[in-house]
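Heads up: the structure comes next, in structure tokens.
In this text, all values refer to a predicted model and were calculated from it rather than measured experimentally.
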Amino acid sequence: MDTRFLGIPELTGTPSVAVVVDVMRAYTVAAWAFARGAEKIVLAESLDDALALKAHHPDWVALKDGAPTPGFDAVNSPGLLRSAYLGGRTVIQKTTAGTVGALAVKEASLVLCAGFVVAEATAGLLRQRGCEEVTFVVTGEDGRAEEDLACAQYIAGRVTGSGADPTAFVRRAAESRAATELKEGIREGAHRDDVALCLEVDRFPFAMVATLEDSLMILRPCGVPA
């Protein structure tokens with residue numbers, strides 16, 4: 001498999017297959033939302049778009065980065081979301097980097113969104129589809145976020161059969177700037193367990209596939225056959 005690891009500003013053209021990685025915390029949160037019963041997640045272009053969607057669909061659950069904000073139901077924290085019941089609900093998600101990365105490659109033939117919690121399922125789907133060229137979008141810090149790069153490299157290794165031991169990759173993520181800021185309370189809307197939850201490897205047995213549906217980017221869980 002031929003791989004590229006690019007930050008959002010480095011994307012040029014439309015990749016055939018894209019894996020958008022946001023470990024802390026967008027796609028860990030998305031995985032938890034599906035685990036708590038959400039049917040789908042709408043990836044919003046902006047906060048205004050998220051609020052407009054919420055206004056048209058009051059029963060949808062809107063979440064964002066940062067502190068609680070009027071009009072939004074939740075914040076982008078796995079530690080806070082894990083106790084929510086989302087059975088059959090639609091979630092609207094807008095984050096600083098993760099959702100931006102997915103929307104930047106929305107025209108790709110296959111878009112997967114990932115973190116450590118769905119690493120093997122993501123690798124399994126890439127193997128199943130026989131993907132020969134994959135662009136990993138390292139969303140944080142314009143492509144320099146160590147936690148996202150480590151996760152992307154780990155998934156790439158799992159696809160090709162190398163790098164099966166996650167220990168070194170998880171250690172890199174645990175020592176990242178994002179992990180430090182979450183632990184020190186610099187980032188608002190965080191729970192004390194967020195970092196630990198983001199570093200769980202293969203917590204969930206599904207990959208997450210984003211597709212364009214009626215001009216909206218929709219994220220859904222996808223089981224991978226054994």
Side-chain angles (χ1 to χ4, degrees), residues 8 20-104 113-118 137 139-142 145-148 151 173-174 176-200 203-204 206 208 210 216-221:
I8 297 171
V20 186
V21 181
D22 189 327
V23 173
M24 297 184 188
R25 295 164 283 172
Y27 295 129
T28 302
V29 167
W32 270 100
F34 291 130
R36 298 302 299 157
E39 177 185 350
K40 63 184 179 183
I41 297 174
V42 180
L43 304 179
E45 294 267 5
S46 67
L47 293 176
D48 287 343
D49 286 344
L51 289 172
L53 286 166
K54 175 68 176 179
H56 282 90
H57 305 277
D59 57 323
W60 289 8
V61 178
L63 65 85
K64 60 177 282 293
D65 277 336
T69 302
F72 287 86
D73 306 291
V75 295
N76 192 48
S77 161
L80 295 171
L81 195 69
R82 62 182 168 176
S83 60
Y85 175 67
L86 300 172
R89 305 285 294 278
T90 294
V91 174
I92 307 163
Q93 186 178 34
K94 171 66 182 87
T95 70
T96 306
T99 57
V100 175
L103 290 162
C113 296
F116 281 109
V117 291
V118 294
V137 183
T139 60
E141 301 176 38
D142 290 337
E146 189 65 17
E147 72 282 4
D148 294 338
C151 182
S176 68
R177 173 182 172 184
T180 299
E181 290 181 352
L182 285 169
K183 290 175 184 176
E184 294 180 354
I186 295 173
R187 300 192 180 189
E188 294 184 292
H191 186 278
R192 64 180 179 274
D193 293 337
D194 278 356
V195 172
L197 292 172
C198 290
L199 297 179
E200 289 186 320
R203 171 82 188 232
F204 304 114
F206 51 80
M208 299 186 292
L216 294 177
M217 196 67 167
I218 308 294
L219 189 63
R220 299 180 188 272

If you take all heavy atoms of [X] and [Y], which pair is closest and at what distance?
{"X": "I41", "Y": "A33", "value": "CD1-CB, 4.1 Å"}
{"X": "C151", "Y": "G115", "value": "SG-C, 3.4 Å"}
{"X": "F204", "Y": "A31", "value": "CD1-CB, 3.6 Å"}
{"X": "A210", "Y": "M217", "value": "CB-CE, 3.6 Å"}
{"X": "I8", "Y": "A104", "value": "CG2-CB, 4.4 Å"}
{"X": "G101", "Y": "V137", "value": "CA-CG1, 4.4 Å"}

Please step through side chain to side chain contact (heavy atoms under 4.5 Å, CB included) for the pair E147 and R177, ending with a clear verdict.
CA-CA 8 Å; E147 72 282 4; R177 173 182 172 184; 5.9 Å; no

Donor-acceptor under 3.5 Å (R36 side chain, A84 main chain):
yes

Counting distance only, does the side-chain N/O of T28 pair as donor-acceptor with the main-chain N or O of V23 below 3.5 Å?
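Between the backbone of V23 and the side chain of T28 there is a qualifying donor-acceptor contact (under 3.5 Å).
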
Are side-chain heavy atoms of [X] and [Y] found at a separation under 4.5 Å?
{"X": "F34", "Y": "F206", "value": "yes"}
{"X": "Y27", "Y": "V118", "value": "no"}
{"X": "T139", "Y": "V20", "value": "yes"}
{"X": "K94", "Y": "D49", "value": "no"}
{"X": "L182", "Y": "R25", "value": "yes"}
{"X": "M24", "Y": "L199", "value": "yes"}

Restricting to salt bridge (charged side-chain N to carboxylate O under 4.0 Å, His left out), what partner residues turn up for E188, sequence neighbours left out?
none

Atom pair CG/CG of L53 and L216 - distance to nearest 0.5 Å
6.0 Å

Report the distance from atom CG of L47 to atom OG1 of T95, rounding to the nearest 0.5 Å.
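With rounding to 0.5 Å, CG (L47) is 10.0 Å from OG1 (T95).
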
Sequence neighbours left out, cut at 3.5 Å: what donor-acceptor pairs do the side chains of residues 71-82 make with other protein atoms?
{"from": "D73", "atom 1": "OD1", "to": "K54", "atom 2": "NZ", "distance (Å)": "3.3"}
{"from": "D73", "atom 1": "OD2", "to": "K54", "atom 2": "NZ", "distance (Å)": "2.9"}
{"from": "D73", "atom 1": "OD2", "to": "A62", "atom 2": "N", "distance (Å)": "2.8"}
{"from": "N76", "atom 1": "OD1", "to": "Q93", "atom 2": "NE2", "distance (Å)": "3.3"}
{"from": "N76", "atom 1": "ND2", "to": "D65", "atom 2": "OD1", "distance (Å)": "2.9"}
{"from": "S77", "atom 1": "OG", "to": "G79", "atom 2": "N", "distance (Å)": "3.4"}
{"from": "S77", "atom 1": "OG", "to": "L80", "atom 2": "N", "distance (Å)": "3.2"}
{"from": "S77", "atom 1": "OG", "to": "D194", "atom 2": "OD1", "distance (Å)": "2.9"}
{"from": "S77", "atom 1": "OG", "to": "D194", "atom 2": "OD2", "distance (Å)": "3.0"}
{"from": "R82", "atom 1": "NE", "to": "G79", "atom 2": "O", "distance (Å)": "3.2"}
{"from": "R82", "atom 1": "NH2", "to": "D193", "atom 2": "OD2", "distance (Å)": "2.4"}

